[in-house]
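One structure is given here, and the rest of the page talks about it.
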Amino acid sequence: MKKRIVRNEKLQEKYYYVQHPSGLTILLYPMPNYSSAYALFGTRLGSIDMTFKSGNDQQFTVVPEGVAHFLEHKLFESEDGDAFSLFAKTGASANAFTSFDRTCYLFSTTNHFKESLKSLLTFVQSPYFTQETVEKEQGIIGQEIKMYEDNPGWRVFFNLLGCLYHNHPVKIDIAGTVESIAKIDAKLLYKCYHTFYNLNNMVLAIAGNFSVQEAEEVIEANLKDTEKVKLIQKTADEPDSICEKECLQKLSVSLPLFQIGFKETPYSGMEWLKAQMESEILLEMLAGEGSPLYRRLYDAGLIHDDFGTEVFSGRGYFANIFAGESKDPKKVQEELLKEIRRLRKSGLSEQDFLSCKKSMYGRIVRGFNKVESVANGLVSSYFADVDIYDNIKVAEAMSFRDIKRRFADSLDESKMAISVIEPLE
């Protein structure tokens, strides 16, 4: 295995970047003074990956909505039982998640690290699908989908994405629909598995209290050789404009829920990281708890403690979002636009920028004190084609001029949409 050490002098910490002959990228971040170890085994397959081809395929394969999530569920099953039973024997806590652009399997443990790591590598590399078990899972996931259809917090978000995006599959529910998962069969799951769960398309990240040597021994003994496959993932062409200005839906809520989103230019690599971090500071300056806008809205009873902002970004999508509860969401939108227009004329405050930058830097550094945060950061950085320490470098180098430039290029009123969940009458 080819191994190099990646250091950060500011934190006085290091991790190991290992390229295994199988093609798997391994990121090992020992934290010897901590009580637990946390591992993630992930693949670059998310809900947006519905059109792809590999190897010598002449045509793109198009799969139904929700395949990545369905595959995640099914991979926990084997001919001998449930993968959770493997972790129960070691006392580890195991789970998995599917997001828009990745699927990850994980465990956290304070004891029996080697056995838990072996279990993780074993079940993820051992697919077992039959038509009978697939049909059973369709019923289970179908119930999950119906549950989220009535979840106000879930619907207000996806309704907003439906307004912002014409064609990009990010607007589609991660689990798909009852109709789409009915098209999934065992043959399709195996095709997706062998395409995306090729070790050349995967990463294993471990952080916490573990022995690097022991981890390498377990990995070496339990990885299966895979032939390198060229994978091409394709998403639909997406115009700069938004699809709809607003979406209103009635569900069982006591106060209206709202999300206001601005569609932005998507980025990748270091450009993405800079845009992400600059936008986070910009939104904090504009509508964070210390901003004049937040105080005015709060004092007027237009927002509550749950009001916040989010920079939502990934492969081919980027949006700035303002969200919360309000008796008058349209008034919040109006006041937000007034504040944006005011600041475009009067200018942003450099003092506010310095305060927000200092706060961001502190959050980044504190994140390296949490085992789970480090492990997730390793995976997120890898899939974004950046290094986990790059956010420190970006934060240090960020200038007030950068934020002013980001403000000039962001929050375009013509690319703004609002999603509201209103109470049932």
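Computed from a predicted model, the values in this text were never measured in an experiment. Position 1 is the first residue of the sequence; numbering continues from there. Every heavy atom of this structure was used, including side-chain atoms; hydrogens, water molecules and symmetry mates were not.
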Would K74 and E77 pass as an ion pair if we require N to O under 4.0 Å?
-> yes

Salt-bridge contact R44-D49 (side-chain N to carboxylate O under 4.0 Å) |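 Salt bridge absent between R44 and D49.
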
For the residue pair [X] and [Y], establish whether any side-chain heavy-atom pair is separated by less than 4.5 Å.
| X | Y | value |
| --- | --- | --- |
| L75 | Y193 | yes |
| L354 | K358 | no |
| F52 | D57 | no |
| L286 | L411 | yes |
| V332 | P329 | no |

Would you call the rings of [X] and [Y] parallel, tilted or perpendicular, where under 30° means parallel and over 60° means perpendicular?
| X | Y | value |
| --- | --- | --- |
| Y15 | Y29 | parallel |
| H69 | H73 | tilted |
| Y17 | Y382 | tilted |

Check whether more than 12 heavy atoms from other residues, nucleotides or ligands sit under 6.0 Å from atom [atom1] of [X], and answer yes or no.
| X | atom1 | result |
| --- | --- | --- |
| Y190 | OH | yes |
| Q213 | CD | no |
| E396 | CD | yes |
| E289 | CD | no |

Between M50 and V67, does a side chain to side chain contact (heavy atoms under 4.5 Å, CB included) hold up when you go through it step by step?
-> CA-CA 8 Å; M50 297 187 296; V67 164; over 6 Å; no

Is there any salt bridge (charged side-chain N to carboxylate O under 4.0 Å, His left out) pair reaching into residues 378-391, and which pairs are they, with sequence neighbours excluded?
->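 Non-adjacent pairs meeting salt bridge (charged side-chain N to carboxylate O under 4.0 Å, His left out): D390-K393.
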
Which residues satisfy the side chain to side chain donor-acceptor pair (under 3.5 Å) test with [X], sequence neighbours excluded?
| X | result |
| --- | --- |
| E244 | none |
| Y267 | R406 |
| E325 | none |
| S279 | none |

State which residue, out of E264, E280, E310, fulfils the side chain to side chain donor-acceptor pair (under 3.5 Å) condition with N320.
-> E264

Between F368 and Y389, does the ring centroid distance fall short of 6.0 Å?
->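 Judged by ring-centre distance (under 6.0 Å), F368 and Y389 do meet the cut-off.
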
Is it true that F157 and F312 have ring centroids separated by less than 6.0 Å?
->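 Yes: the rings meet the under 6.0 Å criterion.
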
Looking at residues at least two apart in the chain, or sitting in another chain, which of them share a side-chain contact (heavy atoms from CB on, under 4.5 Å) with K415?
->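 With neighbours one apart ignored, the set is D240, I242, K263, D412.
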
Given F123, Y128, F129, the one that forms ring-ring contact (aromatic ring centres under 6.0 Å, His included) with F76 |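 Only one of F123, Y128, F129 forms a ring-ring contact (aromatic ring centres under 6.0 Å, His included) with F76, namely F123.
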
Given side chain to side chain donor-acceptor pair (under 3.5 Å), test T25 with Q19 step by step and report yes or no.
-> CA-CA 5 Å; T25 298; Q19 198 64 55; 3.3 Å; yes

Carefully, step by step, assess S355 and D352 under the rule side chain to side chain donor-acceptor pair (under 3.5 Å).
-> CA-CA 5 Å; S355 177; D352 288 348; over 6 Å; no

